[in-house]
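So that the names make sense, note that chain A is the first sequence line, chain B the second, and so on, each numbered from 1. Small disclaimer: the values here were computed from a predicted structure and weren't measured. Computed over heavy atoms, backbone and side chain alike; hydrogens, waters and symmetry mates excluded.
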Amino acid sequence: MPVNPYLLPSLIVVVLVTVGIGAYGLRFARTTSDFLVASRAISPAWNAAAISGEYLSAASFLGIAGLILRYGVDVLWYPVGFAAGYLALLLFVAAPLRRSGAFTLPDFCQVRLRSPFLRRLATVFVVFIGCLYLVPQLQGAGLTFGTLTGGSYAWGALLVALVVTANVALGGMRAITFVQAFQYWLKLTALAVPVIFLVLQWQADGRPAVTPPTGPTFPAATTVQIRQDATISTAAGTVSVHRGDRLSFAAGDPVPVVSTTEDRRGADWLRPGGDGSLFATYSLILATFLGTMGLPHVLVRFYTNPDGTSARRTTLVVLGLVGLFYLLPTLYGVLGRIYTPQLLMTGRTDAVVLLLPEAILGGGHLGQLLGALVTAGALAAFLSTSSGLLTSVAGVVFTDMMGADRGGSVRDFRIATVLAAVLPTTLALFVSDMDISQVVGLAFAVAASSFCPLLVLGIWWRRLTDVGAAAGVLAGGGAAMAAVLVTVLGPDLPGWTGQAIEQPAAWTVPLAFAVMIAGSLCTGRRVPRDIGATMMRLHAPESLRL
Amino acid sequence: MESPRRTRIVLGEVATRRPAPDRTRAELTAQTAIGEALVKGLVRAQLALALRLALVVVTGLGALPLLFAVAPAVGAVTVLGVNLPWLLLGVLAFPFLVAVGWAYVRWAERNEQDFLSVVRRPGP
């Protein structure tokens with residue numbers, strides 16, 4: 001495959017602009033507080049774009065379109081849930097959290113329940129969720145560079161890790177805010193502009209059917225390289241193929257089913273409820289609706305709002321911006337069904353967004369330019385999400401593990417950043433067979449079963465105690481964490497157990513709430529004595545504070 | 001224009017800093033059961049609002065998988081050539097969420113205004 005000549009320049013531009021805005025921000029970042037909370041002086045519009053830019057990760061930019069290409073309508077719950085998470089955040093958390101003055105989740109534990117033990121527990125979960133979320137970002141980066149340039153996976157992952165670490169360590173959060181805001185608009189443009197040309201070309205091609213009655217067919221002569229030993233079933237019968245085999249298909253040939261890759265065909269793809277997956281669907285809905293509020297890099301942003309009212313308005317703008325973005329990946333997934341069905345055979349469906357422009361518009365200048373644009377958007381997705389995650393994990397390492405409470409220096413924050421980057425980068429280099437979207441979904445499940453109950457009950461229920469909260473986080477979050485470890489490291493489990501472990505939120509979230517409430521009721525005497533003042537601080541408008 | 005003076009905020013301060021002494025708040029929290037009741041009323045109003053809107057989303061979106069499972073025919077309905085579930089989940093869900101969010105922001109701010117006007121009412 002000839003390498004797209006526009007690719008390298010566009011990627012270099014993204015990296016240079018990122019580092020450039022970071023360096024520009026450095027001129028203003030003078031004290032530790034500048035690094036961590038951007039001095040709380042950022043307008044809602046900037047802040048909302050930054051939150052959205054930080055939130056839309058590789059899973060959103062590449063993963064959703066890939067999932068839709070493969071599984072169809074059922075996975076539309078991913079984008080809906082990723083957006084609805086902000087509504088839950090708005091309804092239950094945004095303004096009170098800002099008013100609490102807490103900067104991180106461990107801070108919130110301290111403010112609300114005055115418990116050092118809970119604070120340490122929260123720190124462990126922040127680091128776990130942060131790492132769980134960082135590894136697939138770096139892996140996605142590695143795979144993208146491997147797919148497009150033929151370069152090695154390790155270099156792509158390392159490059160992104162280095163750029164992100166340097167940027168966070170040098171500029172901190174203030175710079176990051178501007179970088180993230182820029183990257184939201186870049187990501188939106190990178191999907192919105194090409195899709196116009198893609199849809200126009202689809203019209204010009206005579207609007208080929210998305211689900212032809214004979215199943216997906218190859219739009220043009222295609223050669224597919226098999227990546228694993230498998231059996232292939234066509235109408236003619238079943239054939240065994242081996243790794244490295246090249247199969248040629250003519251235009252109009254039906255796409256055979258490959259035993260090693262899973263996908264849905266025909267009505268299963270088009271209509272909901274493919275294979276009795278009601279439990280998995282509801283589990284996913286619960287995880288994404290409630291998990292967003294527990295993601296460390298999302299919460300950290302709320303401290304940069306000047307007050308609770310603006311935190312609420314910022315969240316509303318975020319909901320709009322994120323919703324706007326999520327209209328687009330669906331179109332890529334659907335068009336991919338027509339124009340890049342070979343991905344169903346190779347299993348590399350995550351690459352559909354990257355490959356579609358050239359597949360539809362041909363290898364001319366337009367196709368190459370738009371191909372370079374979506375790749376630049378993908379790079380922005382890796383950079384922004386990993387920067388945000390790294391900032392928040394580093395912030396927690398800095399304050400809670402390095403004991404910076406007694407006044408930390410900017411140098412210490414830089415050391416914390418490097419420390420926080422080492423583990424995920426190492427993991428990303430050595431564990432390359434994890435699936436991006438699945439791991440991201442698991443991170444949501446852990447967040448939804450640990451921090452969501454802690455925040456919601458902490459904000460709205462006066463009788464929450466430190467013991468109850470710790471028990472709930474340990475039970476729900478611990479169970480979700482164990483399920484994640486079994487899914488990622490363990491064997492595939494069959495039947496109901498397997499489903500309950502792969503999509504744990506449906507039972508771990510209620511478990512966390514139940515244990516937290518029961519535990520608090522049993523230890524009613526431990527309710528903090530100043531609970532009245534705390535509730536006042538969380539809920540009363542700032543204008544009351546003289 | 002001169003930028004506002006920088007203040008240094010270290011995270012630990014959040015944990016150790018005592019709430020600044022201020023009169024209105026002191027009256028509300030320390031003084032009487034009336035202040036306590038006012039705050040409780042505000043919290044209850046905000047929670048009721050949030051729960052009500054959450055219920056709207058749960059019935060509007062959360063019931064869809066069940067609906068599709070119980071009545072598969074709904075999944076086969078097409079509008080403008082697109083299957084209804086694709087239209088509902090791929091497009092309409094997002095404006096719906098934004099509309100609910102917008103309503104919440106409006107009403108939550110109104111609750112706060114009501115609270116403030118009660119608190120600030122001159123005493124007897």
- Query: So which of P85(B), G101(B), P65(B) has the largest heavy-atom pair count under 4.5 angstrom toward chain A?
  - Reply: P65(B)
- Note on the structure: With chain A, the option among L89(B), V105(B), V98(B) that has the most non-hydrogen atom pairs under 4.5 Å is L89(B)
Identify the two heavy atoms, one from [X] and one from [Y], that lie closest to each other, and give their separation to 0.1 Å.
X: A50(B); Y: L91(A); answer: CB-O, 3.5 Å
X: T309(A); Y: E112(B); answer: OG1-OE1, 3.9 Å
X: F94(B); Y: L327(A); answer: CD1-CD2, 3.7 Å

- Message: More than 12 heavy atoms of other residues, nucleotides or ligands under 6.0 Å from CH2 of W202(A): yes or no?
- Response: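 Counting neighbours around CH2 of W202(A), more than 12 heavy atoms of other residues, nucleotides or ligands fall under 6.0 Å, so yes.
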Find out whether [X] and [Y] are in side-chain contact, i.e. whether some heavy atom of one side chain is under 4.5 Å from a heavy atom of the other.
X: L61(B); Y: F289(A); result: yes
X: R462(A); Y: K40(B); result: yes
X: F68(B); Y: V73(A); result: no

Rounded to the nearest 0.5 Å, how far apart are [atom1] of [X] and [atom2] of [Y]?
X: L88(B); Y: L76(A); atom1: CG; atom2: CG; value: 10.5 Å
X: L47(B); Y: I459(A); atom1: CG; atom2: CD1; value: 11.0 Å
X: L316(A); Y: L97(B); atom1: CG; atom2: CG; value: 11.0 Å
X: I285(A); Y: L64(B); atom1: CD1; atom2: CG; value: 8.0 Å

What part of [X] is in contact with chain B, defined as an atom under 4.5 angstrom from a non-hydrogen atom: side chain, backbone, both or neither?
X: Y282(A); answer: side chain
X: L87(A); answer: side chain
X: V334(A); answer: side chain
X: L324(A); answer: neither

- Task: Find the one option among H539(A), R312(A), R313(A) whose heavy-atom pairs under 4.5 Å with chain B are most numerous.
- Result: R312(A)
- Item | Steps toward side-chain contact (heavy atoms from CB on, under 4.5 Å) verdict (W86(B), I68(A)) | CA-CA 11 Å; W86(B) 286 86; I68(A) 289 170; 3.9 Å; yes
- Query: After noting the C-alpha distance and the side-chain angles of L278(A) and L66(B), does the key distance pass the side-chain contact (heavy atoms from CB on, under 4.5 Å) rule?
  - Reply: CA-CA 7 Å; L278(A) 209 56; L66(B) 203 60; 3.8 Å; yes
- Would W102(B) and L319(A) satisfy side-chain contact (heavy atoms from CB on, under 4.5 Å), going step by step from the backbone distance to the final call? CA-CA 10 Å; W102(B) 181 80; L319(A) 187 57; over 6 Å; no
- Contact part of A54(B) toward chain A, heavy-atom cut-off under 4.5 Å: side chain, backbone, both or neither? both
- Task: Start with the C-alpha gap between L51(B) and F92(A), add the side-chain angles, then the distance that decides, and say whether side-chain contact (heavy atoms from CB on, under 4.5 Å) holds.
- Result: CA-CA 9 Å; L51(B) 286 176; F92(A) 295 106; 3.9 Å; yes
